[in-house]
S.K.: 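The structure follows.
Nothing here was measured: the structure is a model prediction, and the numbers come from that model.
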Amino acid sequence: MDKEQFCHKIRELETSMYRYALGVMKNPADAEDAVGETVLKAYAHLAQLKHPERFRSWIMSILVNVTRTMLAGRSRLELPGDMSLYGQQASGEQRELWDTVMDLPQKFRQVVILYYYEGFHTKEIAQMTKLSEGTVKSRLNRARQKLKTVLEDRNG
């Protein structure tokens, strides 16, 4: 893959990358930093990409690791995610669901965003997050239960 192809792929995925980073970091500046660092790392290690058709999974795996490192390295200010920052205009129900997802603990928020918002399968998420597939499925199930409870309480 050459530089032009790499840039094209990054432009295609920038919204997904930012959405994931914002969902995990819960801070727009940190999300932008994570995406930027991911792009730099990916370009520096582009020769390691053996299957260009797997670029999306590969770069999202790098992003997962970058956000994990950033979260481990410092405490962060918890700010609500603003979906309009990355071009997602949400209806009231979608906005309420996003806000509820943003309130989940990070380990649940991470798998929910990758599964429901980014469309990855549990096996792919397991590879990206270095968790077992069973753990990913368990976290998704527990996140669904938490979301259901919160939304039912809010809506009566």
S.K.: What distance separates Thr135 OG1 from Arg142 CZ, expressed to the nearest 0.5 Å?
M.R.: 10.5 Å

S.K.: Atom CD of residue position Glu53 - does it have more than 12 heavy atoms of other residues, nucleotides or ligands inside 6.0 Å?
M.R.: yes

S.K.: Go through the steps to decide whether Asp33 and Glu37 satisfy the test side chain to side chain contact (heavy atoms under 4.5 Å, CB included), and finish with yes or no.
M.R.: CA-CA 6 Å; Asp33 288 346; Glu37 186 173 336; over 6 Å; no

S.K.: Is there a path of hydrophobic side-chain contacts, each under 4.5 Å between heavy atoms of I, L, V, M, F, W or Y residues, that connects Tyr43 with Leu63?
M.R.: yes

S.K.: One thing to verify: whether Arg56 and Glu12 come together as a salt bridge, which I'm taking to mean a side-chain N less than 4.0 angstrom from a carboxylate O.
M.R.: no

S.K.: Please name the pair of heavy atoms, one in Val136 and one in Leu131, separated by the smallest distance, quoted to 0.1 Å.
M.R.: CG2-CB, 4.2 Å

S.K.: Less than 3.5 Å apart, any donor N or O on the side chain of Arg139 or Tyr115 sitting next to an acceptor on the other?
M.R.: no

S.K.: Working to the nearest 0.5 Å, report the span between CE of Met60 and OH of Tyr20.
M.R.: 7.0 Å

S.K.: Work out which heavy atom in Ser57 is nearest to a heavy atom in Glu124; give both atom names and the distance.
M.R.: OG-OE2, 3.5 Å

S.K.: Taking Gly134's backbone N and O only, do any of them form a donor-acceptor pair with Ser138's side chain (distance below 3.5 Å, no angle check)?
M.R.: no

S.K.: Using a 3.5 Å distance criterion without hydrogens, assess whether the side chain of Glu32 forms a donor-acceptor pair with backbone atoms of Ala29.
M.R.: no

S.K.: I need the minimum non-hydrogen distance between Lys26 and Gly23, along with the two atoms involved.
M.R.: CG-O, 3.7 Å

S.K.: About how many Å separate CD of Gln110 and CE of Met128, when rounded to the nearest 0.5 Å?
M.R.: 10.0 Å

S.K.: Please give me the minimum heavy-atom distance between Pro52 and Met1, naming the atom from each residue.
M.R.: CB-CE, 4.2 Å

S.K.: Identify the heavy atoms of Met102 and Leu22 that sit nearest to each other, and give their distance.
M.R.: CE-O, 3.5 Å

S.K.: Are more than 12 heavy atoms, taken from residues, nucleotides or ligands other than Arg144, located less than 6.0 Å from that residue's CZ atom?
M.R.: yes

S.K.: What about Val101 and Val150, same hydrophobic cluster or not, with Ile/Leu/Val/Met/Phe/Trp/Tyr joined at side-chain heavy-atom distances under 4.5 Å?
M.R.: no

S.K.: Where do Arg19 and Trp98 land on the side chain to side chain contact (heavy atoms under 4.5 Å, CB included) test, with the steps shown first?
M.R.: CA-CA 11 Å; Arg19 178 177 32 230; Trp98 176 256; 4.0 Å; yes

S.K.: Do Lys41 and Thr38 have side chains that get closer than 4.5 Å, going by heavy atoms?
M.R.: no

S.K.: Looking only at heavy atoms, which two atoms of Thr67 and Ala34 are closest? And how far apart?
M.R.: CG2-CB, 3.8 Å

S.K.: Please report the C-alpha distance between Asn65 and Arg68 in whole Å, then the side-chain angles of each, then the deciding distance to 0.1 Å, and finally whether the side chain to side chain contact (heavy atoms under 4.5 Å, CB included) criterion is met.
M.R.: CA-CA 5 Å; Asn65 290 327; Arg68 181 184 298 131; 2.9 Å; yes

S.K.: What's the spacing between Leu46 CG and Gln5 CD if we round to 0.5 Å?
M.R.: 9.0 Å

S.K.: Give a yes or no on whether Leu13 and Leu40 share a hydrophobic cluster (residues Ile, Leu, Val, Met, Phe, Trp, Tyr; joining criterion: side-chain heavy atoms under 4.5 Å apart).
M.R.: no

S.K.: Determine whether Ile59 and Ile10 satisfy the following criterion, side chain to side chain contact (heavy atoms under 4.5 Å, CB included), listing intermediate values before the conclusion.
M.R.: CA-CA 9 Å; Ile59 196 136; Ile10 292 297; 3.3 Å; yes

